[in-house]
Amino acid sequence: MNEKNVEVKINENDIVPAQVIKVNNKTITLKTEDNEIITVDRPKSTIKDKLFLETMIDILRSGIWIPVNKKLKQLLRYDWFDSLEEYQFL
């Protein structure tokens, strides 16, 4: 099976801060500063990663804000300090 790399142009307005409000095995639910609810599928790359769910639960409990692409409904691999060109999705 060949995977095609798809280049996605990232609009900085699509990247928003959000708080995790619910975590389960398949999805993560987040709330933006504008109270918009975004449901993100758990990244396939984390299915066997036991620490991922624990980390998401810790983020939920702490109430910290994390970057999310609201258009693509994806979590970002890196933090706010990285440049827009360096953003990668999980």
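Remember, predicted model here, so these are calculated numbers, not experimental data.
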Of all heavy-atom pairs between Asn69 and Leu72, which one has the smallest distance, and what is that distance? OD1-N, 2.8 Å

Between Ile21 and Ile66, is there shared hydrophobic-cluster membership here, with clusters defined by ILVMFWY side-chain heavy atoms closer than 4.5 Å? no

Looking at side-chain heavy atoms only, is the closest gap between Lys73 and Val68 below 4.5 Å? no

Rounded to the nearest 0.5 angstrom, the CD-CG distance for Gln74 and Asp14 is 11.0 Å

Show me the donor-acceptor pairs, under 3.5 Å and distance only, between side chains in residues 47-55 and residues at least two apart or in other chains.
unit_1	atom_1	unit_2	atom_2	d
Asp49	OD1	Leu51	N	3.0
Asp49	OD1	Phe52	N	3.4
Thr55	OG1	Leu51	O	2.7

Restricting to pairs with a member in residues 16-29, which pass side-chain hydrogen bond (donor to acceptor under 3.5 Å, both in side chains), not counting sequence neighbours? Asn24-Thr27

Give every donor-acceptor pair under 3.5 Å between a side-chain atom in residues 30-40 and any protein atom, sequence neighbours left out.
unit_1	atom_1	unit_2	atom_2	d
Thr32	OG1	Asp34	N	3.2
Thr32	OG1	Glu36	N	3.0

